[in-house]
Amino acid sequence: MTQHPWQWDEPTWRTMVGAVRAGRSLKPDRWPGGARCAVALSFDSDHETSELRDGGESVARLSWGEYGSRQGIPRIRRVLDRHGAKASFFVPAVSALLHPEEQASLAAEGHEIGLHGWIHERNTELPGDAERDLMLRSADALERITGQRPVGMRTPSWDYSAATLGIAREMELIYDSSLFADNDPYEIVQDGEDTGIVELPVEWIRDDAPYFMMNRFGAQRPYTPPEAVLDIFRREFDGAYAEGGLFLLTMHPHITGYRSRIFILEELLDHITSQGDCWVATHADIARYCAEQAGLKG
Ligand SMILES: [Zn+2]
């Protein structure tokens, strides 16, 4: 008989909580080149998979995804190039297969292409063997397109199943960027055991989606002015700078890559680079550095 949560005994909820846990902090004593803090910018290039993953066949919504590639990505690239900033792009395999030249050229310019599922599926709705198959096929697809095997993952919608961490360990990924337990990098612990995998934590606060997304057929509309979003992101960065930690931001080409919103990235990067002592790097480079500093076995 299925128990209600209030009927669970202590081992039940302790085991549940202990399955994936934050271990020791991997915030290094110093960042490369004496930098005051680290900045990890990520862009989740979901493109058409936002519609495809739910089995949607709306031509209009597919074209919204296409905008992310046609207009969002080039606009974001121009801002990154102006600041000499390297970033991480997390790309569902289907999105990468639809836009291979985009991924190949980003990788050739020194940006990182990371795992972001097959078709932006929700991991908690999949059988474990299907999730594993999709993760492995996604890594193969990205490697074929970019010439580089992905070393890190961001689960679609930050949805993390009971099987996800085991698959990442089997694939020998060096980092994940889907969990929330800290501001700064930490080692992921599985059932009490150190995994050697670096977590670069995310947060909905540092994501453009919750501020701007709209469901055409729901009552909710975007309620946060772009200036306010910039203000939140800037304060998150200022806090990371003051604490000598990590500032990690998630944006989407089909959300931020607009004429009225791109200034958020532009002004944020102006603010960051004007400090003169921030290390702006890909997730992979930051994870590798933290792992080395902590003597983590790779
Ligand atoms: Zn996504």
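FYI, side chains are in, hydrogens and waters are out, and symmetry mates aren't considered; it's all heavy atoms of this structure.
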Q. Would one find more than 12 heavy atoms of other residues, nucleotides or ligands at under 6.0 Å from atom CD of Glu172?
A. no
Q) What distance separates Arg36 CZ from Tyr241 OH, expressed to the nearest 0.5 Å? A) 5.5 Å
Q: Identify whether Tyr160 and Trp118 are in the same connected component of the hydrophobic contact network (ILVMFWY, side-chain heavy atoms under 4.5 Å).
A: no
Q) So, does Glu193 use its side chain to make a donor-acceptor pair with the main chain of Asp191 at under 3.5 Å? A) no
Q) How far apart are the C-alpha atoms of Asp238 and Arg234, what are their side-chain angles, what is the distance that settles it, and do they pass the salt bridge (charged side-chain N to carboxylate O under 4.0 Å, His left out) test? A) CA-CA 6 Å; Asp238 288 344; Arg234 197 194 287 118; 5.8 Å; no
Would you be so kind as to tabulate the donor-acceptor pairs closer than 3.5 Å made by side chains of residues 242-256, with sequence neighbours excluded?
unit_1, atom_1, unit_2, atom_2, d
Thr250, OG1, Arg154, NH1, 3.2
His252, ND1, Asp208, OD1, 2.7
Thr256, OG1, Asp208, OD2, 2.6

**Q.** Rounded distance [0.5 Å steps], CZ in Phe233 versus OH in Tyr211
**A.** 5.5 Å
Q. Side chain of Glu199, backbone of Ala22: donor and acceptor closer than 3.5 Å?
A. no
Q: Kindly indicate whether the side chain of Gln103, heavy atoms from C-beta on, has any atom under 4.5 Å from the side chain of Leu142.
A: no
Q: Find the distance between CD1 (Ile188) and CZ (Arg21) and round it off to the nearest 0.5 Å.
A: 13.0 Å
Q: Please indicate whether Arg235 has more than 12 foreign heavy atoms, meaning atoms of other residues, nucleotides or ligands, lying under 6.0 Å from its CZ.
A: no
Q.
Let me check something: do Val189 and Val198 share a hydrophobic cluster, defined by ILVMFWY side-chain heavy atoms less than 4.5 Å apart, either directly or through other members?
A. no
Q: Ignoring hydrogens and angles, state whether a donor on the side chain of His120 or Thr49 is under 3.5 Å from an acceptor on the partner side chain.
A: no
Q | Interatomic spacing from CZ in Phe237 to NE2 in His271 - rounded to 0.5 Å | A | 5.5 Å
Q) Rounded to the nearest 0.5 Å, how far apart are NE2 of His99 and CD1 of Ile73? A) 9.0 Å
Q. Is Asp140 close to Arg149 at the side-chain level, that is, under 4.5 Å between some pair of heavy atoms?
A. yes
Q | side-chain hydrogen bond (donor to acceptor under 3.5 Å, both in side chains) partner of Arg122, the single match among Asp159, Thr155, Asp54 | A | Asp54
Q: May I ask you to decide if the ring planes of Trp158 and Phe180 are parallel, tilted or perpendicular, using 30° and 60° as cut-offs?
A: perpendicular
(Q) Is any side-chain heavy atom of Trp8 closer than 4.5 Å to one of Met16? (A) yes
Q) For the residue pair Trp279 and Trp31, does the interplanar ring angle fall in the parallel (under 30°), tilted (30 to 60°) or perpendicular (over 60°) class? A) tilted
Q.
Could you walk me through whether Asp129 and Arg132 satisfy the salt bridge (charged side-chain N to carboxylate O under 4.0 Å, His left out) test, starting with their C-alpha distance in whole Å, then the side-chain angles of each, then the deciding distance to 0.1 Å, before giving a yes or no?
A. CA-CA 5 Å; Asp129 54 348; Arg132 179 178 176 278; over 6 Å; no
Q: For Asp9, check side-chain contact (heavy atoms from CB on, under 4.5 Å) against everything at least two apart and list the hits.
A: Pro11, Thr12
